[in-house]
Asker: 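My questions all concern the structure below.
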There are 2 protein chains.
Amino acid sequence: MSATIKDIVKDTGLSPATISKYLNGKKIAPENKMAIEASIKKLGYIPNRSAQRLRSKKSNTITILLPSFSDYFWGSITTYIEEYMQKHNYSTIVMAYNPSKTDQSETYQQLLSIQTEGCIMVDENIEKSNLIQLMQEANIPCIFLDQILKTCTLDSVTSNNYESAYEMTLYLIQHGHKRIGVIGGPADSYTAMERIRGFRQACLEHGISEDHQIVYNGTYNAQSGLQLFQKMMELPERPTAVFSLNYYYIMACIQLLHKYDLRIPDDLSLVTFDDDEIFSAIHPPITVMLQDFPALGKEAGRLLLKRMRGDWEDFPQVSYVKAQFIERDSVKDIS
Amino acid sequence: MSATIKDIVKDTGLSPATISKYLNGKKIAPENKMAIEASIKKLGYIPNRSAQRLRSKKSNTITILLPSFSDYFWGSITTYIEEYMQKHNYSTIVMAYNPSKTDQSETYQQLLSIQTEGCIMVDENIEKSNLIQLMQEANIPCIFLDQILKTCTLDSVTSNNYESAYEMTLYLIQHGHKRIGVIGGPADSYTAMERIRGFRQACLEHGISEDHQIVYNGTYNAQSGLQLFQKMMELPERPTAVFSLNYYYIMACIQLLHKYDLRIPDDLSLVTFDDDEIFSAIHPPITVMLQDFPALGKEAGRLLLKRMRGDWEDFPQVSYVKAQFIERDSVKDIS
DNA sequence: CTGAAAGCGCTTACAG
DNA sequence: CTGAAAGCGCTTACAG
């Protein structure tokens, strides 16, 4: 059986209270600290989390609520949140739920039964359900990732969508593009609209008229991306550059290059939000705006921890995390 | 504060022991059962997991060990495992670790500290480390998903790779293909080799000579898939059909169709293991062999639960889960 | 800074 | 089938 505090007590001659204090980072005499550390190492002592949680009435658990485990975006960010929380002695439970239900009482009950102390959410559809209200009534802090909700007041962590779309558009304009297509997200998505706003602002500042800003909105899936790109390529006057606002769309665009016999970048310049291994492997490699997943995860964790400590200063806060521009070879200078 | 057993005691007049028995599915008098159920509902009682775990000395937690959260394959299967375990009152912790280290003591320590009772693993590289040995010494059951290990004796759950590759190859042969390319996985991967074995067996049975079986092995990434497909397309005599053994390769193949000006299925027939939304959205939609993720997850959970109950009958067991053939339009009948 | 005592909310033998 | 008692491994006031 593994060692308990009692074993450390016997080994060091100190009281359980002192050892508990050491474990919880409180001040104890240096010589006792050393003795405890040596004893812990010797006995291979690991604190029993269940006992800690029961006694302290804290679960030290947070939950990441995902609409799906298989999503490109959220799968990886989960790692970074978990890593950050672990450093702060918190467990993370990743939970998939069905975002289409408006009654999320069941999800709420599950969150209660694992005694979650905080929650990180990523699906804006949750706004249409009763979950956020239930959480707020129960005083469980929630952080929203990626989106900013319209009808709820909540802390959010998101990429600097506006600025980075602006930056990418500027890059296209500086390469002589004056007729630019955007394959954009749903019109009711905050993130998508911020990116489009950044795009339009850059166009506006550089004299690209609205009819040369070809912005199509769709839903977040490959099917939609295929349709929009197709529609765009069949325009009497095609754009010289296409800016995909996410991973699903760029994949769809690449699939269709063949159909329209388009060479990148000679026939069409192509850039996108999000990156993937395949974008740098193919020829030509695609220029991208990469969201900083480690930083997004860390910031969400930091903000959640702050709220769980009871610090509601500056609530509600929106943290913007800078995305990274990676230039590769998918844009032709046509100026 | 939420209700405890004491509240149920006061409300029903029964003893905590009886209520505990009810909670744990033991036999109690029907009228008491009804009273307890009514009381639980009335008070909104949720058992305190930490107390249960501390007292019963069981964590009721299993761990899924992933090399990465963002992997196409494992992301989604996690949901199904979690769902199954939840039904059996187990929590699931998904943990990402670095599979390249041979010393996994740190991972092991983490598993101990969360008191995991069982573990589901999916990365064969773990075989090169000390983790499995540490787990076996600690008597913590492990189940391997997807692969069958060569140097360790362990339960495994995997798709019927041999049969399904055989089936897909047969489909190509029946459509008149006599020269078939395979973009295959690493030569040291059990799964990849099983698929190749199934392919070769079907070829053998239908008189396709070895020099018409163009099998290339690579590593699991887009870069490798691109290289192999390229090499295959530059062959003096191209295959008439290409069978991709996984998701990464088929994506790479599709990217390259343009370069070689290939129309599917007229110039080349193309089939693959694994499915994705985009494969049915593009034209033509791709014929695939879809692994049954829900069944794989459920079977892994079932087998792990059995081992955790101490039932080691039939150890080590290999469970094969049938993959599903989905015919679409990427294969031309050239007979 | 340290330690004796109490107790978190359950489950587990055990006796009936 | 039920209940009284003990105790899982910690942390928390509290007194010193």
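Computed from a predicted structure; not experimentally measured.
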Asker: So does B:Gln52 get a side-chain nitrogen or oxygen closer than 4.0 Å to the phosphate oxygens (OP1/OP2) of C:dC10?
Answerer: no
Asker: Indicate, with a heavy-atom threshold strictly under 4.0 Å, whether B:Tyr22 touches base, sugar-phosphate, or nothing.
Answerer: nothing
Asker: Between D:dG9 atom P and A:Ile40 atom CD1, what is the distance in whole Å?
Answerer: 16 Å
Asker: Quickly work out the B:Asp7 CG to C:dC10 C1' distance and round it to whole Å.
Answerer: 13 Å
Asker: Can a donor-acceptor pair be found, under 3.5 Å and without considering hydrogens, that links the side chain of A:Thr12 to the backbone of A:Ile8?
Answerer: yes
Asker: Which listed nucleotide (C:dT11, C:dG9, D:dT11) is nearest to the side chain of B:Ala51?
Answerer: C:dG9
Asker: Do the side-chain N and O atoms of A:Gln86 and A:Glu82 include a donor-acceptor pair separated by under 3.5 angstrom?
Answerer: no
Asker: Is there a donor in the side chain of B:Ser100 and an acceptor in the side chain of B:Asn98, or the other way round, less than 3.5 Å apart?
Answerer: yes
Asker: Just the rounded figure in Å: distance from P of C:dG9 to NZ of A:Lys58.
Answerer: 16 Å
Asker: Can you measure B:Asn48 atom CG to C:dG7 atom P for me and round it to whole angstrom units?
Answerer: 18 Å
Asker: Counting only side-chain N and O atoms of A:Ser56, is one of them less than 4.0 Å from OP1 or OP2 of D:dT11?
Answerer: no
Asker: Tell me which nucleotide among D:dG3, C:dT12, C:dT11 gets nearest to the side chain of B:Lys26.
Answerer: C:dT12
Asker: Using whole Å, what does the distance between atom C1' of nucleotide C:dC10 and atom CG of B:Asn60 come to?
Answerer: 13 Å
Asker: Would you tell me whether B:Thr61 and A:Arg49 have side-chain atoms, one donor and one acceptor, within less than 3.5 Å of each other?
Answerer: no
Asker: How is A:Ala17 classified with respect to the nucleic acid when contacts are heavy atoms under 4.0 Å: base, sugar-phosphate, or nothing?
Answerer: base
Asker: Using the side-chain heavy atoms of B:Ile5, tell me which of these nucleotides is nearest: C:dT11, D:dG3, C:dG3.
Answerer: C:dT11
Asker: Go nucleotide by nucleotide along DNA chain D from the 5' end; which of B:Gly13 and B:Leu54 gets its closest nucleotide reached first?
Answerer: B:Gly13
Asker: Applying a 3.5 Å limit to both distances, which nucleotide forms a Watson-Crick or G-U wobble pair with D:dA4?
Answerer: none
Asker: Indicate whether any N or O donor in one side chain lies under 3.5 Å from an N or O acceptor in the other, for A:Tyr97 and A:Glu106.
Answerer: no
Asker: Check whether any side-chain N or O of B:Thr4 sits under 4.0 Å from OP1 or OP2 of C:dG9, and answer yes or no.
Answerer: no
Asker: Would you classify B:Ser20 as touching base, sugar-phosphate or nothing, given that sugar-phosphate means primed atoms plus P, OP1 and OP2, and contacts are heavy atoms under 4.0 Å?
Answerer: base
Asker: Between B:Lys21 and A:Glu31, who's closer to the 5' end of DNA chain C by nearest nucleotide?
Answerer: A:Glu31
Asker: Provide, to the nearest angstrom, the distance between the NZ atom belonging to A:Lys6 and the P atom belonging to D:dC10.
Answerer: 10 Å
Asker: Output the rounded distance in Å from CD1 (B:Ile8) to C1' (D:dG3).
Answerer: 17 Å
Asker: Both distances below 3.5 Å, Watson-Crick or wobble geometry, any strand: find the nucleotide opposite D:dA13.
Answerer: none
Asker: For the side chain of B:Lys57, starting at C-beta, report the closest nucleotide among D:dG9, C:dT12, C:dG9.
Answerer: D:dG9
Asker: Measure from CZ on B:Arg49 to C1' on C:dC10 and round the result to the nearest Å.
Answerer: 14 Å
Asker: Could you state the interatomic distance from OG (A:Ser20) to CD (A:Gln52), rounded to the nearest 0.5 Å?
Answerer: 8.0 Å
